[in-house]
Colleague: 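Pasting a structure below so you can have a look.
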Amino acid sequence: MNHCYVNIAGQRKGRKLTEAAKNWKLLAGYEANQAKRKQGWIYPDKDEKIVLLLWAFWPDRRPRDMNNCHKLLPDALENVLFENDKNVLVRDMDFSFDAKRPRLEIVVARKDEVDVNETQY
């Protein structure tokens, strides 16, 4: 997340996505669309809450913040798995180290389908 945005100088101050972040969003959306078709995901109602259960496998042992995944990932899945990420609740499940295959693993569920006492999904 720390490297996903660049500051915009001039009259219109703000931030914009880097090319790498734009490409990552496209790839994440494509992967989600493929998984949606394969698993038969039914697009939720407009105001239905969605839960993203998130496992991160970092490429090295440098310290990282799980909450950095909470912005770009839901944005990438918007209009693919749900209409608007304002209804998305991100839950960090765990993180680990996998130098050979760094990745994010995600389970997407409707809020009323998630058992908050369940630890394995």
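Atom set for the values below is all heavy atoms of this structure, side chains included, hydrogens, waters and symmetry mates excluded.
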Colleague: Under 6.0 Å from the six-membered ring centre of W55 and within 45° of its axis: does the NZ or CZ of R91 meet both?
Modeller: no

Colleague: Could you list the residues that satisfy side-chain contact (heavy atoms from CB on, under 4.5 Å) with Q34, not counting sequence neighbours?
Modeller: Y30, R37

Colleague: For A28, which residues count as a side-chain contact (heavy atoms from CB on, under 4.5 Å) partner, sequence neighbours excluded?
Modeller: W24, A76

Colleague: CE of M66 to CZ of F95: how many Å apart, nearest 0.5 Å?
Modeller: 7.5 Å

Colleague: Can you check whether I106 reaches L53 side chain to side chain, under 4.5 Å on heavy atoms?
Modeller: no

Colleague: Among all residues two or more places apart in sequence or in another chain, which pass the side chain to side chain donor-acceptor pair (under 3.5 Å) test with R62?
Modeller: D60

Colleague: As an exercise, state the distance from CD1 of I50 to CD of E113, rounded to the nearest 0.5 Å.
Modeller: 8.0 Å

Colleague: Looking at residues at least two apart in the chain, or sitting in another chain, which of them share a side chain to side chain donor-acceptor pair (under 3.5 Å) with K36?
Modeller: N33

Colleague: Please determine whether side-chain contact (heavy atoms from CB on, under 4.5 Å) holds for the pair V108 and Q39, giving the CA-CA distance in whole Å, both sets of side-chain angles, and the decisive distance to 0.1 Å.
Modeller: CA-CA 11 Å; V108 181; Q39 298 173 22; over 6 Å; no

Colleague: Consider side-chain hydrogen bond (donor to acceptor under 3.5 Å, both in side chains). Of D75, N68, N67, which one does K71 pass it with?
Modeller: D75

Colleague: For D45, what residues pass the salt bridge (charged side-chain N to carboxylate O under 4.0 Å, His left out) criterion, not counting sequence neighbours?
Modeller: none

Colleague: So, for F57 and R101, which heavy atoms are closest and what is the spacing to 0.1 Å?
Modeller: CB-O, 4.4 Å

Colleague: Below 4.5 Å, heavy atoms only, C-beta onward: do L72 and L17 meet side chain to side chain?
Modeller: yes

Colleague: Output the distance between atom CZ (R64) and atom SG (C69), rounded to the nearest 0.5 Å.
Modeller: 10.0 Å

Colleague: Using a 4.5 Å cut-off on heavy atoms from C-beta on, say whether the side chain of L52 contacts that of V107.
Modeller: no

Colleague: Tell me, please, which residues at least two apart from R103 pass side chain to side chain donor-acceptor pair (under 3.5 Å).
Modeller: D98, E105

Colleague: Report, one line per pair, each donor and acceptor closer than 3.5 Å where one atom sits in a side chain of residues 77-90; sequence neighbours left out.
Modeller:
{"from": "E78", "atom 1": "OE2", "to": "D85", "atom 2": "N", "distance (Å)": "2.9"}
{"from": "N84", "atom 1": "OD1", "to": "K86", "atom 2": "N", "distance (Å)": "2.8"}
{"from": "N87", "atom 1": "ND2", "to": "K46", "atom 2": "O", "distance (Å)": "2.9"}

Colleague: Could you pull out all residues at least two apart from D94 that satisfy side chain to side chain donor-acceptor pair (under 3.5 Å)?
Modeller: none

Colleague: Once salt bridge (charged side-chain N to carboxylate O under 4.0 Å, His left out) is applied, what residue pairs with a partner in residues 17-35 remain, sequence neighbours excluded?
Modeller: E19-K22

